[in-house]
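The next block holds one structure in the form of structure tokens; read it before the comments.
We're numbering straight along the sequence, starting at 1. Read the numbers this way: they start at 1 and go in the same order the structure lists the ligands and their atoms. Note: hydrogens, waters and symmetry copies are ignored here, and every other heavy atom, side chains too, is used.
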Amino acid sequence: MPKILMYSVRPDEMPVIEAWSQANRIQVDTNEVEFNASTVDLVKGYDGLVIQQHGSIGGPEVYAKLKAYGLRQIGLRITGYDIIDLDQARANGLVVTNVPAYSPRSVAELVLAHVMRLVRHLGESTARQERGDFSWTGLEAHEIHNMTIGIIGAGKIGSTVARIFKALGATVIANDPIHRPELADALDYVGLDELLMRSDVVTVHTPLDQSTHHLIDADALAKMKSTAFLIDAARGPIVDTKALIEALKSGGIAGAAMDSVEGEAGIFGEDRSAEGYDNPDLRTLEAMDNVEVSPHIGFYTDAAVKNMVEIALDDVKTILSGGISEHQVD
Ligand code: NAD
């Protein structure tokens, strides 16, 4: 019977792992450590490997050890595979798989939650109420069906956001180099400048790469309406945080919601209540009543966790039985 080892397992993943193991009659053992040169030996004696981390897995010696231990694959239960040296994997006969779409709904519904809070000024009214101020001044809201939602990057998540807001009656426009005919009933494609100038909500859903680093900079923010909101539930560095803070302070835009922020590593996902954290821009954003910050929880729903675990384990099973996974990364 094959045996699989999963690294960096959280308690919330255990029920799904145990159910999969029973249903497939395959032994799955787990640990809580990251996979790297100092932990690779733990996988000796196993047939399959599944990891989930953002730190590097190490140099050529790690790949050589996996080959020497008889491993044939590296299963990632996340989307990004930048932590893998694909040349090394190939050279050592290791098939790499990822989970390209564990649940676009998960991030899209967090975007909806943030937009509703911002549009109804709930952050501001809660802050006032804490001071005993129950007045209405400044709390008049727009209704979603009268709003234009601008989506930058209408891929798996962006198109799901589009469909949710379309269902609520909003006008949805998108900027993306790829125009997908199947989205014709949900959105209209426009240029980036037009999107920034027309939208009541601008929400970014591109990958982070050289072309999108600080895509939302001072120039882009200056093109937005002073009544508009910015949402980033993609990757922090797509937005220039300092320029965002200036735009918020000067009233250039009305508010923002950030599920990912520059310099979040080591803070988001951790309990830093005792030792604190050093990220002045994040602290500035958190102190603003018209800003919502969530600690990179867009992905974190029961459905998404189930998919991440099951898809990764299904792929290991396929590869160990000589098949080809549809999630192989070349
Ligand atoms: P995807 O690849 O399906 O879609 C990305 C889209 O962006 C594509 O349609 C692409 O053509 C478009 N694009 C690329 N460069 C662009 C540019 N310069 N301008 C406009 N459009 C551009 O990706 P996805 O799965 O929808 O993920 C979107 C983002 O969400 C990624 O940054 C991903 O890392 C992030 N994400 C965040 C969380 C979270 O927990 N908050 C979870 C999963 C994914």
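Closer than 4.0 angstrom to ligand 1 sit non-hydrogen atoms from Tyr102, Val107, Ile152, Gly153, Ala154, Gly155, Lys156, Ile157, Asn175, Asp176, Pro177, Ile178, Arg180, His205, Thr206, Pro207, Ser211, Thr212, Ala233, Ala234, Arg235, Asp259, His296, Gly298, Phe299.
Here ring-ring contact (aromatic ring centres under 6.0 Å, His included) pairs that include residues 175-216, with residues two or more places apart or in two chains, are His179-Tyr189.
Leu118 and Ile164 fall within a single hydrophobic cluster, where Ile, Leu, Val, Met, Phe, Trp and Tyr are joined by side-chain heavy atoms under 4.5 Å apart, directly or via other members.
Remark: Tyr7 engages no residue in a side chain to side chain donor-acceptor pair (under 3.5 Å) (not counting sequence neighbours). Applying the side chain to side chain donor-acceptor pair (under 3.5 Å) rule to Glu143 yields the partners His145; only residues at least two apart in sequence or on another chain are considered.
Using modelled atom types, no side-chain atom of Asn98 and backbone atom of Ile78 make a donor-acceptor pair closer than 3.5 Å.
No side-chain donor from either of Asp232 and Ser260 sits under 3.5 Å from a side-chain acceptor of the other.
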